[in-house]
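Structure record follows, encoded as structure tokens.
Every heavy atom of this structure was used, including side-chain atoms; hydrogens, water molecules and symmetry mates were not.
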Amino acid sequence: MHNKDYLEHLYKGYTTQHKNEYEFLFGKNSYPEIHYINGLPIHFNPNAKNILISLSGGADSSILTYMLCDYIEKNNYKTNVYCMTLVRFWKEKPWLEPMSTDVYNYLKNRFPNIIKEQIIGFLPPEFENVPLKALGKPELFTRLPEQAHCDVLITVDFQDYVMHKYKIDLSYTGTTMNPPFETEDEPKFRNQEHLIDNWEWVLSGPAVNPFGLLMKNFTMAQYHNYDLWDMLKLTRSCEGDVHIFGEEYRHNGKYPPECGHCFFCQEKQWALDNCKGFLLENL
């Protein structure tokens, strides 16, 4: 699962069973083209006028944005890229929004003719940990994992609104599967047993999640491949809040260090330590 052979497994899954099921639902020849970017098969329409990327400011969504923009630039496609950011945990982690904007500005400076505006929404903290099952609407699980919380629903619904308003052809997210170790605070819906070979998690209608059946070691490999350590320093993957770093961070406008021990910090370190199989010289 950690090398080019697995990437070819994804391609075969996309172009056989999933393609047939998708075209049954959406019509013949509706399945998006598959383009290879650094060895990864990604669903992409070179004729798309506008695409949307959920840019949280984390390492995964940031590198996904870079990969797509770099591919558009190299092929001289006329595709505009809009970035969608949801403000989350604004009281306990006030640095998340400005850090996401730092990443957006980095990308905008690198791809000024491709990247358009950063569209900012809001996710109420009270809904972050409410299970979707608590809503009593089983029809939601036709498009969302049963293990998910309401934050996923709010994100998807806001994304649908943005797609309608900005006439988006395809929308992209950079969610990965969990690494092969367990922690108490891991997002359970990302566990491998729930997602492996779940092709709809990668492509459902116009929603594309290219990293959905990969782990974070693929995305960390891309920071090697593009030599983007300066951008990686701008990203944030830590779950620590003001209760860990100190109340002064509510108001001082500074960015705290990463805690190093939460699930997302452990995942990032594991990914850096296990990304060799996805380096370009090994593909």
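At a threshold of 4.5 Å between non-hydrogen side-chain atoms, the residues Phe89 and Val242 do not count as touching. The shortest distance between side-chain heavy atoms of Trp270 and Met215 falls below 4.5 Å. Side-chain contact between Ile114 and Asn80 is absent, with no heavy atoms from C-beta onward closer than 4.5 Å. With a 4.5 Å cut-off on side-chain heavy atoms, Met177 and Leu195 count as touching. Contact annotation: the side chain of Gln269 approaches that of Asp273 to within less than 4.5 Å [non-hydrogen atoms, C-beta and beyond]. Between Val202 and Tyr14 there is a side-chain heavy-atom pair separated by less than 4.5 Å. For the pair Met84 and Ile53, the minimum side-chain heavy-atom distance is 4.5 Å or more. Side-chain contact between Val208 and Ser171 is absent, with no heavy-atom pair separated by less than 4.5 Å.
Note that CG of Leu203 is 11.5 Å distant from CD of Glu21, once rounded to the nearest 0.5 Å. One finds the CG atom of Asn209 at 3.5 Å from the OG1 atom of Thr173 (value rounded to the nearest 0.5 Å). Rounding to the nearest 0.5 Å places NZ of Lys108 at 9.5 Å from SG of Cys69. Distance CD1/Ile63 to OG1/Thr219: 8.0 Å, rounded to 0.5 Å. Expressed to the nearest 0.5 Å, how far CD1 of Ile42 lies from CD1 of Ile37 amounts to 4.0 Å. Between the CG atom of Leu10 and the CG atom of Asp197 there is a distance of 8.0 Å, given to the nearest 0.5 Å.
Not one N or O on the side chain of Asn75 forms a donor-acceptor pair closer than 3.5 Å with the backbone of Tyr77. A donor-acceptor contact shorter than 3.5 Å is absent between the side chain of Asn3 and the backbone of Gly277. Put simply, the side chain of Asn217 gets close to the backbone of Asn274: a donor and an acceptor are under 3.5 Å apart. In this structure a side-chain-to-backbone donor-acceptor pair under 3.5 Å is present from Arg190 to Thr176. Checking side-chain atoms of Arg250 against main-chain N and O of Lys91 turns up a donor-acceptor pair under 3.5 Å. Between the Thr16 side chain and the Lys12 main chain, a donor and an acceptor come within less than 3.5 Å of each other. For Gln266 (side chain) and His261 (main-chain N/O), a donor-acceptor pair under 3.5 Å exists by modelled atom type. Checking side-chain atoms of Asn282 against main-chain N and O of Lys276 turns up a donor-acceptor pair under 3.5 Å. Of the possible polar contacts, none joining the Tyr249 side chain to the Glu92 backbone as a donor-acceptor pair under 3.5 Å is found. Judged by distance alone, with hydrogens and angles left aside, the side-chain atoms of Asp102 form no donor-acceptor pair with the main-chain N or O of Leu234 at under 3.5 Å.
Met163 is not connected to Leu64 by any chain of hydrophobic side-chain contacts under 4.5 Å among Ile, Leu, Val, Met, Phe, Trp and Tyr, and they are in different clusters. Follow the hydrophobic side-chain contacts under 4.5 Å out from Met67 and you reach Leu272 in the same cluster. Both Leu123 and Phe158 are members of a single hydrophobic cluster when ILVMFWY side chains are connected at heavy-atom separations under 4.5 Å. Note: the hydrophobic cluster containing Ile196 also contains Leu213 (ILVMFWY, side chain heavy atoms under 4.5 Å, direct or indirect links). Leu86 and Tyr166 fall within the same hydrophobic cluster, where Ile, Leu, Val, Met, Phe, Trp and Tyr residues are linked whenever their side-chain heavy atoms come under 4.5 Å apart, directly or through other members.
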Inset, instruction - Mind running side-chain hydrogen bond (donor to acceptor under 3.5 Å, both in side chains) on Tyr82 and Gln118 for me, showing each step along the way? - result: CA-CA 6 Å; Tyr82 289 85; Gln118 182 186 24; over 6 Å; no

Legend entry - CA sep, side-chain torsions, deciding dist, call: Asn191, Asn178, side-chain hydrogen bond (donor to acceptor under 3.5 Å, both in side chains): CA-CA 5 Å; Asn191 284 348; Asn178 286 339; 2.6 Å; yes

Legend entry - Derivation and outcome, side-chain hydrogen bond (donor to acceptor under 3.5 Å, both in side chains), residues Ser54 and Gln159: CA-CA 8 Å; Ser54 293; Gln159 180 175 279; 3.3 Å; yes

Legend entry - Step-by-step salt bridge (charged side-chain N to carboxylate O under 4.0 Å, His left out) determination, Lys19 to Glu23: CA-CA 6 Å; Lys19 184 176 186 292; Glu23 291 188 339; 3.1 Å; yes

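Across every non-hydrogen atom of Gly57 and Ser62, the tightest pair is C-OG, 3.8 Å. Residues Tyr71 and His35 approach most closely at OH-ND1, 2.8 Å, considering heavy atoms. Gly205 and Tyr22 make their closest contact through O-OH, 2.8 Å (heavy atoms, listed as atom of the first residue, atom of the second, distance). Here the shortest heavy-atom pairing between Met1 and Phe278 reads O-CZ, 3.6 Å.
Atom NE2 of His243 sits in a crowded spot, with more than 12 heavy atoms from other residues, nucleotides or ligands closer than 6.0 Å. Under a cut-off of 6.0 angstrom, the local environment of CD in Glu139 is crowded, with over 12 non-hydrogen atoms contributed by other residues, nucleotides or ligands. Summarising the local packing, CD of Glu182 is surrounded by 12 or fewer heavy atoms from other residues, nucleotides or ligands at distances under 6.0 Å. Around CZ of Phe26, the count of heavy atoms belonging to other residues, nucleotides or ligands within 6.0 Å exceeds 12. Within 6.0 Å of the CZ atom in Phe24, the count of heavy atoms belonging to other residues, nucleotides or ligands does not exceed 12. Residue Lys116 places its NZ atom among more than 12 non-hydrogen atoms of other residues, nucleotides or ligands, all under 6.0 Å distant.
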When the side chains of residues 150-157 are checked against the rest of the protein, which donor-acceptor pairs come out under 3.5 Å, sequence neighbours left out?
| from | atom 1 | to | atom 2 | distance (Å) |
| --- | --- | --- | --- | --- |
| Asp151 | OD2 | Arg88 | NH2 | 2.7 |
| Thr155 | OG1 | Asp151 | O | 2.7 |
| Asp157 | OD1 | Arg143 | NH2 | 3.3 |

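A donor-acceptor contact under 3.5 angstrom links the side chains of Asp230 and Tyr106, judged on distance only. No hydrogens or angles considered: nothing links the side chains of His194 and Gln192 as a donor-acceptor pair under 3.5 Å. Side chains of Asn38 and Gln222: a donor on one and an acceptor on the other come within 3.5 Å. With 3.5 Å as the limit, one finds no donor-acceptor pair spanning the side chains of Tyr31 and Asn20.
With sequence neighbours excluded, the residues that form a side-chain contact (heavy atoms from CB on, under 4.5 Å) with Lys133 are Phe141, Glu146.
When each of Tyr6, Trp199, Tyr36 is tested with Tyr11 by the rule ring pair (Phe, Tyr, Trp, His ring centres under 6.0 Å), just one qualifies, namely Tyr36. Of the residues Thr85, Asn109, Leu55, the one that meets the side-chain contact (heavy atoms from CB on, under 4.5 Å) test with Tyr104 is Leu55.
At a threshold of 4.0 Å, the pair Arg110-Glu73 counts as salt-bridged, since one of the basic side-chain nitrogens sits closer than that to a carboxylate oxygen. The pair Lys216-Asp60 meets the salt-bridge criterion, with a side-chain N (NZ, NE, NH1 or NH2) lying under 4.0 Å from an Asp/Glu carboxylate O. Taking a cutoff of 4.0 Å between a charged side-chain nitrogen and a carboxylate oxygen, Lys93 and Glu239 qualify as a salt bridge.
Taking the six-membered ring for Trp and the full ring otherwise, Tyr66 and Phe111 have centroids separated by under 6.0 Å. Aromatic rings of Trp229 and His224 (six-membered ring for Trp) have centroids within the 6.0 Å cut-off, being under it.
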